[in-house]
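Letters go in sequence order (proteins before strands), and every chain restarts at 1. Below, each value reflects all heavy atoms present in this structure, side chains not excepted, and no hydrogens, waters or symmetry copies.
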Amino acid sequence: ADLVWARYGDADSLDPHRATSTLSMQVWDQIYDTLLAFDMEGTPGPNMAESWEVSDDGLTYTFKLAEGIKCHDGSDFTAQDVKFTIDRAFGDAPSLTKTSWGPITEVTVEDPLTFTVAMSSKFGAFIPFLADSFSSMICDTNTAGTFGSSTAIGTGPFKLVEWVKGDQVTLEANADFVNRGDPVENPGAPYIDRLIIRTVPEAQTRLAALTTGEVHIAEPPFDDVAAIQEEGELEIMVAENTGQDVFWEFTTSRPPFDDIRARQAVAYATDPQMAIDIIYGGLTNREWCPVARGVFGNDQAFCKRYGYPYDPEKAQALLAEMGYGPDKPLETTMFVWTGGNRHKLAEIFQAQLAQVGIQAGIEIMDIGTMNARVKAQNEDSTSEEPGTFDMMTWSWYDPDILYQLWHSPGAYSGFQNAELDAMLEETRTTIEPEARLEKVQAVIRYLMENAVHIGLYSPGWEWVFAVRPEVSGFKVGPFLHPIFTDVKIEG
Amino acid sequence: MSETLLSVQDLTVAFGRGPERNVAVKGLSYDLRKGETLAIVGESGSGKSVSSMALLGLLPPRSACIESGRAMFRDRDLLTLPEADKRALRGDAITMIFQEPMTSLTPVLRIGLQLTEALVEHKAMSQREAEARAREMLRLVGLDQPERRMRQFPHELSGGMRQRVMIAMAMAADPAILIADEPTTALDVTVQAQILNLMRGLKDQFSTSIILITHDMGVVAEMADRVVVMNRGRKVEEGPVSTLFTAPKEAYTRRLLDAVPRLGAYAAAAEPRRVVEAPAPVGDTLVRARGMSKTFSSGGFLFGRGGATTRAMQDVGFELKAGETLALVGESGSGKSTTGRAVLRLMELDAGEVEVDGVDVRNLSSSGLRKARRRMQMIFQDPFASLNPRMSVGKLVAEPMTIHGIASGSELDGRVEELFRRVGLEADHIRRYPHEFSGGQRQRIAIARALGVGPKLIVADEPTSALDVSVQAQVLELMLELQQSLGLAYLFISHDMAVVEEVSHRVAVMRQGRIVEIGTRQAVLNAPAHAYTRALLAAVPVPDPARERQVLPELDVGTLPMGALAEVAPGHMAAQ
Amino acid sequence: MTTETLDPRSADADAPVAASARRKPRSFLAALLRSPSGLIGLVIVGLLVVCALTAPVIAPHDPLRMAAGPRLQPPTWDYWMGTDDFGRDVLSRILYGAQLTLQIGVIAVGISLTCGLLLGLVAGYSSGWTERVLMRLVDVLFSFTEIVIALACLAIFGVGLTNAMIAIGIASIPFYARVTHSVVLVEKGKPYFEAATAAGAGHLRLIFVHLLPNVVPTLIVVGTLGVSTAVLAAAGLSFLGLGAQPPEPEWGFMLSASRDLISRAPWMMIFPGLAIAVTVLGFNLLGDGVREALDPRQRQR
Amino acid sequence: MTRFIAQRLLAALVTVWIATIAVTLLVHVVPGDPVRIMYGSFQTTPEELEAIRVRLGLDQPIWIQYAKYLGRLLQGDLGRSIVGDQPVLDILLVRFPMTLALAMASLVIAVAVGMSLGFLAAYKRGTWVDAGAMILAIVGVSMPHFWLGLLLLFLFALTLQWLPVAGGDWMSLILPALTLGLANAAVLARMTRSAMIDIFDQDFVRTARAKGLSQTLVLYRHALRSGLVPIVAMLGLQFAYLMGGAIVVENVFAWNGVGRFAIEAVFARDYPLIQGFILFFATVVALASVIVDVAYAFLDPRIRYS
Ligand SMILES: Nc1ncnc2c1ncn2[C@@H]1O[C@H](COP(=O)(O)OP(=O)(O)OP(=O)(O)O)[C@@H](O)[C@H]1O
Ligand SMILES: Nc1ncnc2c1ncn2[C@@H]1O[C@H](COP(=O)(O)OP(=O)(O)OP(=O)(O)O)[C@@H](O)[C@H]1O
Ligand SMILES: [Mg+2]
Ligand SMILES: [Mg+2]
Ligand code: NI
């Protein structure tokens, strides 16, 4: 049987080193497998690697691969393929997420099933990274120029049949697949014959296609979720432990947001709870922390202590202190990325901000563009234009994201200083969980007190699925990894 | 004569409804007899075309309305016939030739198809029979290579050839009645002569009855047996052609006939018709043109249509004295207008010299040229088109004076008023716009405009050919009067030999961009030295039905001398 | 000889032509009002202008205020066109949107008309190399089509309603340049132009006194029709998210926001769509009417 | 004729050539640093940006960049997209057939509906048929494509569920093609009507009637054949409009054509893609106009033989 999964957009690339979008990652997930795998709680465990050891200095990792893993082209998956993958990620055209591999200096093949990875310094986030799709293992037979667009050889549960860009990815079940770590019951190849991942940008169209049975699984229009649940025909699945975090981020290099009071004013003036209730109707949660629920270090009670509850008067007071008032509104621009009804959310925030005297224009753009523009804003500290702020989004399985975002030079060249740098370095080199938690929470507190990274809600994108009644066994693993090996279609 | 074939009675046609209603034909009656040629004459808009189209049911169905009348043909009333029956008559018993040969043939269909389709439709001929008949007709109307013509498209034929095709088409069905609506108006006189000959021949051969619509009294005299004169939709007079010309009953007819310029009327006089007591004498040389040449080419920059060139003017030279009129005559495309423009430098020459009033026009700077234009002005063929429709006529007349800083303010207003009076217009017309005037009035405005700056030279490019004969006479009168009282020099471009005879001192005949003959008017018109001039003169239809109708001479273009000019008599040169 | 066709009634020479003058409508406006399309067009455009000017007075609610009413309320007496998913009054938004629409029309057409007119005039008047090069370029740009030029402009300047207006303006310059050029060529070929040259008129006089007034009527027609194209194009860009940004009550943007709610709140789609269609219709009809009113053939009938 | 085709091809080539210049300039008029805007993802260091600059040749004088760009173009290399890092040409070629299918289907609808409506209106000029047809046409012209599309979608797909909504087969071509076709049919109807009215007023139609030909012959042989000439000339323009309209309609119906992807590229500021798109689009439109010109020449003997 064929399962059709409709999504609002298409993957950018089938090469895990050439894209960062969730839409891409979810496709890789089916084609490639990872050395380790998360369980439903988000704890990494063995998968293609049966076991691993860390040297005492914490700088060398030795992995043992499971036997008999086959690539889609029939070749054996060995330590050589691992070396190929990691070397490629650090090669001439490095992986877009190169730094998340950590300070790797060398990969050594000991024997076909054993390899070691050497690091220049301790790196606490290495093990979880190996369970994430960005560390997808690529077979070393992927040398064709077409890799990533029309060919993709992995060891995952599905093989690539065809990718019509912008339209659909056709995958077929990999009969050789053995499940060693995914949190599902099926130990082997998927039950379905083919998995068709189709692009259907319009939410209403997806819903219509779900109703007619053209499509089995799709993200429904948020406004219709309540009605769908009421009707009871389609099942609504909400992914948990997505690691997704939506937060305020500011151009701190120039006015007005070089002043902490302006940042705090924005935080006090906006009411995320109300906004998400209107737009997502209970499908997502207020998130107080800079790292999302399910990620190491997240503690709502802890974060709330340093957070900014909705308080327009306080916001107005702060603005008045800065010299803004009814006659002189604070003018700025809010960047938002396309899709997922985020523009509607922004519209609500815009209205809330207007009430305290912050006039925020909205600019909607692609996430890639937004990353680049935010960085450019921060680096342009002399501009006459008022600085901007943005509804930034990140999804990560580990608090190491904070290092990547705020350790200088920083992903956005934004807020940074030596004190914070030192604190962040400690979160990397401290491996022991309890000690690390302390370091991570110190950073969280620092970021929140300085109003640089203000959590809004979590999860935030592609986390709601409507599933047709004849489909059973569909599961979304932690950090938004949809798993299809258990799926069966009745009739 | 013989029996009546068509009897039109009390025909009234109107356009539009309500207050907009415009009666184009009112109570028109006439009879057409078998084998005769009935000419319908009258000035523009008098209803000639409308009355004949009504017979065939070709009026625009939604705007025109035949309000009354009958047209009896073979005991049936054409006007009330059902459309299907009318269609059966059209192209079979009654056929028609239209004025515009250039646009009356369907451009995307081959000549052969257009010739045969009516035969196939009406005569139940097979395609093959129809083609044979069409070829025969093409031969009959004097087209060579009929086979090839059949396969050609209209644009591959000249105007005269197309008109022959139209005639072949109309005659092929062997019609009882042929209606020819100004069949030669768009053609040159020499071609006109050929077509008229042809129609005469065909008529004799097939004894077809012809309704010939024309505004040219010469053509009437050459062709018609009887004449119906129309004015403003009504019949003014009807009678045999000879009586009409010799003893017109109505004043209107008389006026019409009087206004017709007749070639030869001034043959005895050396000067143009004199209209003032003491005309200004002819003075010194004002214009001296030598060796003017101009080649037009179309296309360029990568993808023009590429390469097609026209030699509009080759080695043209002449002199013109103050107070004198030099007429440029010749057929369409012979380069007359180009020559006129070259003198005023409205276009750049390839070679040659032009001197006006001692100034080398070709080498003037653009400001110098603008100044020089005070001395030379132009009047155009179409007075309406030559007046900017968005300016009041007062402004238009004042404009040249403003440009040359001759007057301003109330002085200017005074001058404009004076000019209006001078050309016979009322001063209270000043604020009106060109469309509110008649053709003759517009031409007067154009003349007033030219006069304002006190020019010495006026280039008049067919100044009357867009006007009806009676209006033409008035405009010519004005021009003569102005010349004789102000001493203006005219370069008078015309294709009408009779008009030229009336107004000019000297004549230059142009052909294919060259002057083939030049001399005093008497010399050139009375004793033409060049074969082309002779043919041109002979081809002019003479508005005198008493003259015996001869075959109009046709031109053998191959043998015409086109070399350099040589003197054949003092002051009279002709190409060798 | 050819015959005079323009006013055949006044055949005898100098008789005053009162008859034909009387038949003409007094003015352009009268002519415009006599044509049904002109009249309807004028009424629609007039209404649009009135809505735009009086929106702050006649709009029953604040167009931007959220929760001004219940969310997704179908049309009722309080909310004639219903409310949107933020509880904003759709009618008020549409009324305010008229301001943006007018702005789009004026700015976009203003840009393309001015630049196109200049280009076309210069090219048409100058002839020779200047003309060929300019027009070749215009032709090429024209064949890029407007939407692609607009996209390119937006790719350069970034998205936003103002940028979209400018982009649309720039995108249709080639069209206006072409129209102007062809009209200039026709006018230049008419004898009155040569007559003016012969009278000694200089470049400026030829261009501004003679050519321009004769070119302008055509451009008025084209410009009026152009407003409708510009409004459509801007709505299209806003619909794609490239034009208006929230919370601007631009109609195309409102339509785009209705997409997800098409079956739950069809009024959110129907009314802005109608507003666009009627406005465009109005300018189209007005353009047709102006064309008829300016066409002497039609006027004399 | 060969010469004519060659000329038209040459003209098309000039169009494309100017497009290449425009497209090269595009990146340079973008305010700010294009490399940072294009490649400045969160982990790129200044050194890496510099390396990209060198790799793309953006450090060289613009005319050298242009020469190199042309050189690569001649080898069919349109560069690589930023999002997903794939050859631009491949992306375009995958999507182009979809757009072409949509454009062609719409053209067929537009021509069939628009030309018959316009012809009918011209023939019945002044009657209620004419008035009705023209009211329909002007309403059609005034209706935004995307709104018409939404209405059709609402009606046929969501309410009546007659037509599928997701999926790339021919059934799902019906709605977008109808949307685009009807909108353009309205334009075409108006153009056809005025062209045909001009033709009906021509002397040669009067001649044909004077010959007593049947109505059918007059209409089809003389009037329509001649009327087709200007109408076909307009079709080239129409095709360009269609392609432009396709950009919007593809977005409404999620039709996987070049237009939808162009919008995505604008949002993503994926300049190599935008450049490729503009160049590609200009080429297609230019080629289409060559085809139309040639068809035109076949229809009009006056051009054929000169
Ligand atoms: N289609 C038409 N619609 C309205 N009025 C018309 C139409 N055709 C002719 N007329 C009017 O009918 C009158 C007679 O026109 P007609 O064409 O018969 O003149 P004519 O004598 O043939 O003139 P000409 O010598 O200029 O051909 C004119 O006043 C003209 O304005
Ligand atoms: N601007 C131009 N471009 C190209 N060819 C031209 C141009 N002006 C005139 N010609 C050509 O030059 C030739 C002479 O034209 P010209 O107008 O001088 O003739 P004409 O004797 O005035 O004819 P007519 O009696 O028809 O007015 C013609 O073949 C004409 O087609
Ligand atoms: Mg007539
Ligand atoms: Mg001439
Ligand atoms: Ni004549």
Side-chain angles (χ1 to χ4, degrees), chain B residues 16 20 22 43-46 185-186 215-216 231-232 300-302 341 344 346 366-367 369-374 376-378 380-382 384-391 399-400 403-404 424-425 429 432 435-441 444 446 449-450 453 459 465-468 470-471 474 496, chain C residues 1-25 127-136 139 186-187 189-206 209-217 294 296 299-301:
Chain B
E20 305 275 291
N22 168 21
E43 286 173 312
S44 186
S46 55
T185 309
H215 65 273
D216 187 329
N231 181 27
R232 298 192 176 198
F301 190 56
L302 280 174
R341 289 202 180 91
L344 297 187
L346 287 170
S366 74
S367 66
L369 178 64
R370 241 176 292 141
K371 267 193 224 104
R373 288 206 163 125
R374 242 186 104 158
M376 42 194 201
Q377 290 285 309
M378 186 147 181
F380 294 87
Q381 167 172 7
D382 184 342
F384 186 53
S386 65
L387 298 173
N388 187 338
R390 314 228 164 244
M391 288 170 81
E399 184 181 33
I403 293 171
H404 295 287
L425 290 171
H429 288 169
R432 293 196 188 170
H435 68 257
E436 297 175 71
F437 292 87
S438 72
Q441 289 174 317
R444 284 165 195 265
R449 181 173 148 93
V453 291
V459 174
S465 60
L467 307 175
D468 278 323
S470 55
V471 186
Q474 295 166 11
D496 189 324
Chain C
M1 265 181 246
T2 38
T3 49
E4 243 245 76
T5 49
L6 269 153
D7 203 351
R9 276 198 149 198
S10 46
D12 34 349
D14 295 323
V17 224
S20 72
R22 185 160 27 88
R23 271 190 299 132
K24 255 164 229 134
S127 65
W129 271 94
T130 328
E131 177 184 20
R132 285 183 198 150
V133 171
L134 277 181
M135 287 324 288
R136 188 68 221 151
D139 279 352
V186 169
E187 294 299 324
K190 286 189 183 164
Y192 79 80
F193 183 82
E194 196 167 31
T197 317
H203 297 307
L204 290 182
R205 173 173 278 271
L206 284 175
V209 177
H210 291 280
L211 281 183
L212 197 58
N214 286 292
V215 172
V216 159
L294 285 175
R299 248 219 256 195
Q300 261 185 359
R301 241 195 359 215

Point to revise | Option that, when pairs with chain C are counted at under 4.5 Å, heavy atom only, ranks first among B/H404, B/M376, B/M378 | key: B/H404
Point to revise | chain C contacts, top residue of B/A385, B/A446, B/S366 (heavy-atom pairs, under 4.5 Å) | key: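 Greatest number of close heavy-atom pairs with chain C: B/A385.
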Check your understanding: How about B/R373 and C/T197: do any of their side-chain heavy atoms sit closer than 4.5 Å?
Key -> yes
Practice item. Would you name the heavy atoms of B/I403 and C/A199 that are closest together and state the gap between them? Key: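 Nearest heavy atoms, B/I403 then C/A199: CD1-O, 4.0 Å.
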Review point. What are the two closest heavy atoms between C/V209 and B/N388, and how far apart are they?
Key: O-ND2, 3.8 Å
Study note, to complete from the structure: Residue from C/G200, C/A196, C/P213 scoring the most non-hydrogen pairs under 4.5 Å with chain B is C/G200
Check your understanding: Given that the side chain runs from C-beta out, which part of B/R449 has a heavy atom under 4.5 Å from chain C: side chain, backbone, both or neither?
Key ->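 B/R449 touches chain C through side-chain heavy atoms alone.
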Point to revise | Which atoms of B/M391 approach chain C - backbone, side chain, both or neither, heavy atom under 4.5 Å | key: side chain
Exercise for review: Using salt bridge (charged side-chain N to carboxylate O under 4.0 Å, His left out) as the criterion, list what pairs up with C/R205, not counting sequence neighbours.
Suggested key: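 Here the qualifying residues are B/E399.
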